Protein chains: 2
Amino acid sequence: MSTLQEEKLENKNIKPTAMRLLVLQCLMEQNRALSLNEIEVLFENADKSTIFRTLKTFQENYLVHRINDGSGAIKYALCDDDCICSLKDNHIHFLCTKCEKTYCLKDTPIATPTLPNGFKANFANYLIEGICSTCT
Amino acid sequence: MSTLQEEKLENKNIKPTAMRLLVLQCLMEQNRALSLNEIEVLFENADKSTIFRTLKTFQENYLVHRINDGSGAIKYALCDDDCICSLKDNHIHFLCTKCEKTYCLKDTPIATPTLPNGFKANFANYLIEGICSTCT
DNA sequence: TAAACTTTGCAATGGCATTGCACTCCTTAA
DNA sequence: TTAAGGAGTGCAATGCCATTGCAAAGTTTA
Ligand SMILES: [Mn+2]
Ligand SMILES: [Mn+2]
Ligand SMILES: [Zn+2]
Ligand SMILES: [Zn+2]
């Protein structure tokens with residue numbers, strides 16, 4: 001009998017430690033991208049570098065993706081089960097300038113534009129800033 | 001008789017000091033977005049905080065726009081003459097992961113997607129990473 | 001010419017990501 | 001069962017970059 005978190009970790013070949021289960025649970029509960037700081041505050045007792053390395057492990061195993069939303073701190077959000085963080089897994093991210101929360105808009109696919117001659121795309125980061133639905 | 005740089009500064013209501021003329025010239029010669037560090041190295045003798053404040057003044061007067069390309073350092077690029085840095089002045093930026101140079105793709109407009117209900121866009125930052133035409 | 005304002009240079013400060021190192025915990029093989 | 005090796009964690013430091021306080025230098029204005 002294993003929890004949902006344990007299953008998710010095993011599916012991505014990550015050994016389930018106490019810390020990892022907690023961080024994963026935290027990311028699952030909040031339905032948005034979280035910064036290292038936000039996660040640290042939610043635990044209070046845990047060490048920041050441990051959380052950092054936890055998130056690094058998650059990222060290396062395609063459990064989370066990093067989002068640079070220009071807020072100064074990198075945000076982390078859960079990947080879909082079948083995500084391999086390739087160009088086609090990319091999606092738009094939305095930063096609310098009022099509540100500072102960042103959301104994955106997974107249902108809003110990125111239109112990949114035609115680039116000038118000789119330019120080749122490997123990764124896209126499409127960030128939109130504005131006001132989110134709860135802050136309207 | 002005034003130089004091109006002086007004209008540009010006056011058009012944006014920026015008093016043309018020696019430093020400002022130099023930084024502007026530098027941005028005009030390099031046809032791409034530059035970081036504070038890159039500009040500082042090009043001058044060698046000038047002080048970093050002075051360049052920082054110069055760029056801040058430029059930005060406040062819509063002479064340059066800031067670009068967060070995820071490289072860790074903010075890049076600065078010249079605006080078009082009629083730019084007021086609004087949503088429709090936004091354009092795609094391209095970071096070459098080989099030469100680390102960032103380019104404005106002003107001819108590649110950003111398609112603004114339809115956002116979920118209640119979300120309102122005020123600013124967009126569409127960054128594409130890949131290989132540029134000279135590094136191919 | 002002197003006061004007022006602007007620009008510049010230098011030296012902090014502060015935030016965040018990242019890492020070295022030692023300690024603890026867990027797994028494994030004799 | 002136990003000792004050795006490896007993985008995970010906590011703490012303290014480091015490094016990079018943006019930003020600011022303050023005083024000196026330069027410029028404008030009355
Ligand atoms: Mn996302
Ligand atoms: Mn640009
Ligand atoms: Zn909001
Ligand atoms: Zn290149």
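It should be emphasised that the depicted structure is a prediction, and the values quoted were computed from it without experimental measurement. In the text below, chain A, chain B and the rest are named by the order of the sequence lines, each starting its count at 1.
- Between His91(A) and His65(A), the ring planes are perpendicular. Angles over 60° get that label, and only those under 30° would be called parallel.
- Using a 4.0 Å heavy-atom cutoff across all strands shown, Lys15(B) reaches sugar-phosphate atoms only and no base atom.
- In this structure, Asp89(A) places its CG atom where more than 12 heavy-atom neighbours from other residues, nucleotides or ligands lie under 6.0 Å away.
- Nucleic acid contact class of Arg20(B) (heavy atoms, under 4.0 Å, all strands): sugar-phosphate only.
- Closest approach to the Lys56(B) side chain among dA18(D), dT20(D), dT9(D) is made by dT20(D) (side chain taken as heavy atoms from C-beta onward).
- One interatomic measurement links the two molecules: NZ of Lys48(B) to P of dC17(D), which rounds to 7 Å at whole-angstrom precision.
- With rounding to whole Å, Asn37(A) atom CG is found 16 Å from dG14(C) atom P.
- Put simply, CD1 on Ile51(B) is 14 Å from C1' on dT7(C), counting in whole angstrom units.
- Dashed line: the shortest gap from a side-chain N or O of Thr17(A) to OP1 or OP2 of dA7(D) is not under 4.0 Å.
- Rounded to whole angstrom, the span from the CD atom of Glu40(B) across to the C1' atom of dG9(C) amounts to 12 Å.
- Here the nucleotide nearest the side chain of Arg53(A), chosen from dC11(D), dC16(C), dT18(C), is dC11(D).
- Scanning atom types as modelled, one donor and one acceptor separated by under 3.5 angstrom connect the side chain of Ser49(B) and the base of dC10(C).
- Within the nucleic acid shown, Thr50(A) comes within 4.0 Å of at least one base atom, counting heavy atoms only.
- Phe52(B) has its CZ atom 19 Å from the P atom of dA12(C), to the nearest Å.
- Arg66(A) places no side-chain N or O within donor-acceptor distance of the main-chain N or O of Gln59(A), the cut-off being under 3.5 Å.
- For Tyr76(A) and Phe58(A), the gap between ring centers reaches or exceeds 6.0 Å.
- Rounding to whole angstrom units, CD of residue Gln59(A) and C1' of dT18(C) are separated by 13 Å.
- In this structure, Glu38(B) atom CD and dC17(D) atom P are separated by 11 Å, rounded to whole Å.
- No side-chain donor from either of Ser35(A) and Asn37(A) sits under 3.5 Å from a side-chain acceptor of the other.
- When the P atom of dA18(D) is taken as reference, atom CG of Asp47(B) falls 14 Å away, rounded to whole Å.
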